[in-house]
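As the structure lists them, so they are numbered: ligands from 1, and atoms in each ligand from 1. If you read the sequence from its start, that first residue is 1, and numbering goes on from there. Note that the coordinates shown come from a computational prediction; the quantities given were computed from them, not determined experimentally.
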Amino acid sequence: MTRVDRTYLDYNASAPLRPRAREVMLACLDRPGNASSVHAEGREARALIESARATIAELTGASPRGVIFTSGATEAANLALSPSLGDGGTAVEWLLAGAGEHPCVLAGHRFPPERTRTIPLTARGCVDLAELGRLLAGAPGCCLVAIQAANNETGVLQPVAEAAGLVHARGGLLVCDAVQAAGRVACDFATLGADALLLSAHKFGGPRGAGALVFRSAALHVGEPLIRGGGQEAGARAGTENVAAIAGFAAAAREAFEEADAEGQRLAALRDRLETTLAGAFADLVVFGAGAGRLPNTSSFALPGFSAETLLIALDLAGFAISSGSACSSGKVAASHVLAAMGVAPEIARGALRVSPGRATTENDVERFCATFEKTVRNMRARRARPVA
Ligand code: PLP
């Protein structure tokens, strides 16, 4: 059987490991130390972790003491989104979360249901700031607001800095899920104005299973950690640190953050080319979030009358790894809560596909993808038009 060449266009699901991250991780794996041990090997492991912490702090504009390493952004969200978050002052009473947040925020927080409210999205896929203002005004007590920097399905960039202004004026806190934005667009505290960021290494070429909760101010902390034990990560996250993953995370972050500008321009040109080509071939193509500022690498679209699953499978067989518009954690395509919140009709939303290229993607990959997509759709249309024998 001949093996079909693969073209990976699903960086928003997980990006390939960067060679530099791999190199750094392999070097760590050959070292024996536990970072809590006092001997030379332990001190070496500790130094690697603290160097990674300093890197993440520098890239985001935080103090190293504000960086808590976790198993990824899901854990960071579960840790941060708790009524026990604060600086010892006013207790947080409410959680306001964007309707298009990732499930790790929507299902991972630790607030009682009656203390949570959803911030609606506009038709373009941005959180509605007027609605946020109304929710803040109507919530008696301190609010914790969760707004992502960029949506994982549509790539739509969220008005985080404007939202932070509204939240801070009311004495609240803003946690920003920066998972998809990190290493793709400017993603630091000065730009976003947030109080805390959630990061995940594998979206920008670090290892899967590593991430961080980063506080702008070291005075912020979570009173109730999720994982208790030996007091690692200043008591915020117990358990022997995964030195290799943490070091790989920092190495990938360093490269991705530094490349973001140049790569962003290149990827935006590829995305525009993809959308122009497909829209030229199919006049009924719907591009989600097209009117909003978007991540340079993300295109989410549907062709009315075609289910995402059917196209996904056909394109996979032809060698292209893309995703359905909605996150599918168990291999099945679920309805997208993001597109629903944007008011997209369910019959259109069921066809949503996401193409998210990255650093290894070339113009040729995009051209071949477009040609294969066109051929696949035309073949399907021809089969449908054929009378049943
Ligand atoms: N937030 C967003 C926007 C994501 O896209 C993802 C992953 O898909 C996560 C959070 C969860 O990250 P992790 O895989 O590190 O748990």
Side-chain angles (χ1 to χ4, degrees), residues 8-17 21 56 60 67-81 97-109 119 121 125-127 145-158 160 174-185 187 192 194 196-214 226-227 237 242 245-246 248-250 252-253 256 288-289 294-295 297-300 321-331 333-334 336-339 341-342 352 354-358:
Y8 188 77
L9 299 172
D10 202 11
Y11 279 62
N12 286 16
S14 198
L17 191 67
I56 299 300
T60 55
V67 179
I68 302 165
F69 287 116
T70 62
S71 64
T74 298
E75 185 191 329
N78 279 253
L79 178 60
L81 301 175
E101 295 300 302
H102 189 271
C104 73
V105 167
L106 296 176
H109 67 79
I119 316 162
L121 300 189
C126 294
V127 285
V145 176
I147 297 179
Q148 57 194 186
N151 184 264
N152 46 301
E153 295 181 23
T154 60
V156 170
L157 299 170
Q158 301 298 319
V160 180
L174 191 140
V175 172
C176 176
D177 172 351
V179 166
Q180 295 291 349
R184 297 192 178 134
V185 291
C187 206
L192 296 168
L197 299 180
L198 314 177
L199 297 175
S200 174
H202 72 104
K203 305 292 182 177
F204 50 69
R208 285 167 282 277
L213 166 60
V214 186
L226 285 173
I227 306 175
R237 205 269 185 179
N242 185 343
I246 290 171
F249 169 26
F288 303 111
R294 283 182 291 158
L295 287 174
N297 80 319
T298 307
S299 183
S300 169
I322 63 161
S323 178
S324 72
S326 185
C328 45
S329 51
S330 53
V333 180
S336 161
H337 69 286
V338 179
L339 297 180
M342 290 165 67
R354 180 187 68 190
V355 179
S356 55

Is there a side-chain contact between Cys187 and Thr60, using heavy atoms and a 4.5 Å cut-off?
no

Sub-3.5 Å pairs, protein N or O with ligand 1 N or O:
residue  : atom   : partner : partner atom : Å
ligand 1 : 1 (N)  : Asp177  : OD1          : 3.4
ligand 1 : 1 (N)  : Asp177  : OD2          : 2.6
ligand 1 : 5 (O)  : Gln180  : NE2          : 2.8
ligand 1 : 8 (O)  : His102  : NE2          : 3.3
ligand 1 : 8 (O)  : Lys203  : NZ           : 2.6
ligand 1 : 14 (O) : His202  : NE2          : 2.9
ligand 1 : 15 (O) : Ala73   : N            : 2.8
ligand 1 : 15 (O) : Ser200  : OG           : 2.7
ligand 1 : 16 (O) : Thr74   : N            : 3.0
ligand 1 : 16 (O) : Thr74   : OG1          : 2.5

Taking atom types as modelled and ignoring hydrogens, do the side chains of Ser323 and Asn12 form a donor-acceptor contact shorter than 3.5 angstrom?
no

First locate atom CD of Gln148, then atom CD of Gln158, and finally report the distance between them rounded to the nearest 0.5 Å.
5.5 Å

Side-chain heavy atoms of Asn152 within contact of Arg354, under 4.5 Å
yes

Whether Gln180 side chain and Leu157 backbone form a donor-acceptor pair below 3.5 Å:
no

For His102, does its backbone N or O pair with a side-chain atom of Asp177 as donor and acceptor, under 3.5 Å?
no

